[in-house]
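What follows is a set of notes on a single structure, which appears directly below.
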Amino acid sequence: MRERLLAAERVTAIDWRKGTLRLLDQRRLPLEETWLSYDSAAEVADAIREMVVRGAPAIGISAAYGVVLGLRARLDIGGDWRAALEEDFRVLAESRPTAVNLFWALNRMRERLDRLKPTDDPLQVLEAEAIAIHESDREANLTMAQLGVELIRKQHSGPQKILTHCNTGALATGGFGTALGVIRAAHLEGLVERIYADETRPWLQGARLTAWELANEGVPVTLNADAAAAHLMKTESITWVIVGADRITANGDVANKIGTYQLAVNAMHHGVRFMVVAPSSTIDMSLESGDDIPIEERDGRELLEIGGKRVAAEVEAFNPVFDVTPADLIDAIVTERGVVERPDAARMAELMSRKRLH
Ligand SMILES: CSC[C@@H](O)[C@@H](O)C(=O)COP(=O)(O)O
């Protein structure tokens with residue numbers, strides 16, 4: 001299946017070439033395909049904050065390249081470049097709080113920096129580390145896609161109706177996706193009758209990005225309002241909800257795009273299976289439960305306005321952009337280390353003791 005999956009890979013959102021970082025501006029998709037170039041860590045941090053690039057793994061990969069850009073600038077200036085680089089780590093770490101992949105990638109870059117030998121070329125070594133982070137995410141996507149398909153096959157043989165939320169595809173990762181990677185692979189294996197894509201208010205990642213990625217590849221996809229999900233589960237014989245994650249804690253709780261929690265509650269009520277797909281860079285074993293995850297709250301104007309124009313009454317808005325699904329509502333967490341069914345603390349610890357499967 002690996003070869004067929006690789007052949008189906010088309011979209012990419014992060015392009016590192018000859019020391020230049022280019023990001024596909026996801027705020028403009030699908031109407032415009034605009035690539036923006038970045039020269040500094042601070043610019044990359046802004047791109048993450050402003051959602052030019054989004055999706056947990058893509059944020060981590062971009063931050064790693066951000067460190068490389070920062071290092072190059074600090075080396076050019078000379079002096080105590082290591083101390084100066086701390087500012088770049090700080091600015092990148094403050095770009096968005098919830099997706100742990102950001103901090104995971106920054107830690108990996110820092111650890112590599114700490115292991116430099118006096119004879120090493122720092123720029124060459126850190127660039128190689130950022131590329132390795134990017135490449136390993138791509139590999140993880142391939143492994144998870146295969147494991148996710150096996151999981152669907154264990155329950156169902158023919159084409160299924162599957163619901164997904166937000167965007168977890170090529171635009172959100174270094175490969176072709178986490179949840180959307182499983183969905184793509186399931187389509188190639190004849191296991192998809194139709195994908196229902198939640199529009200995902202207020203940034204419309206489902207309407208703009210997921211629908212675009214799937215339609216481009218000929219996967220049958222129908223867009224629905226977020227509020228239609230329970231009705232769809234009741235009336236359309238949906239068998240799976242498949243979503244990604246921004247942070248998974250030691251007990252198996254999952255932070256993901258706002259609206260995921262209500263999908264899990266509804267899935268449980270309707271007997272629909274609930275699969276979370278995420279690389280182990282999304283797992284934060286330092287946090288005991290989802291209660292400890294910092295949930296990003298964005299500007300209320302994202303709800304009060306549409307296209308920069310006020311549409312809401314003169315009230316204040318509450319705009320948390322992630323929520324936490326408790327582990328006991330989750331049937332399976334699929335990672336590149338393997339699958340955990342009915343996650344709990346012991347099973348998560350056992351998963352993290354396994355090696356990556358690629
Ligand atoms: C493979 S992406 C997994 C998650 O990052 C995704 O589901 C999500 O919530 C993205 O949120 P976003 O605010 O668009 O960065």
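Note that the structure is a prediction, hence the values are computed from the model and not measured. Read the numbers this way: they start at 1 and go in the same order the structure lists the ligands and their atoms.
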#### Entry: Distance-only donor-acceptor check, side chains Thr282 and Asn101, under 3.5 Å
yes
### Message
Quick check for you: to the nearest 0.5 Å, what is the distance between Arg208 atom CZ and Arg27 atom CZ?
### Response
10.0 Å
### Summary
At a 4.0 angstrom heavy-atom cut-off, ligand 1 is contacted by Met51, Arg54, Gly55, Ala56, Pro57, Arg96, Cys166, Asn167, Thr168, Ala172, Thr173, Thr178, Gln205, Ala245, Asp246, Asn256, Lys257, Phe322
### Query
Taking C-beta and beyond as the side chain, do Trp240 and Val182 meet within less than 4.5 Å on heavy atoms?
no
### Task
Quick one: pull up OG1 in Thr168 and NZ in Lys257 and give me the separation to the nearest 0.5 Å.
12.5 Å
### Task
Kindly write out the residues that satisfy side chain to side chain donor-acceptor pair (under 3.5 Å) with Asn266, not counting sequence neighbours, or none if the list is empty.
none
### Message
Please tell me whether Asp323 and Asn256 have a donor and an acceptor in their side chains that are separated by less than 3.5 angstrom.
### Response
no
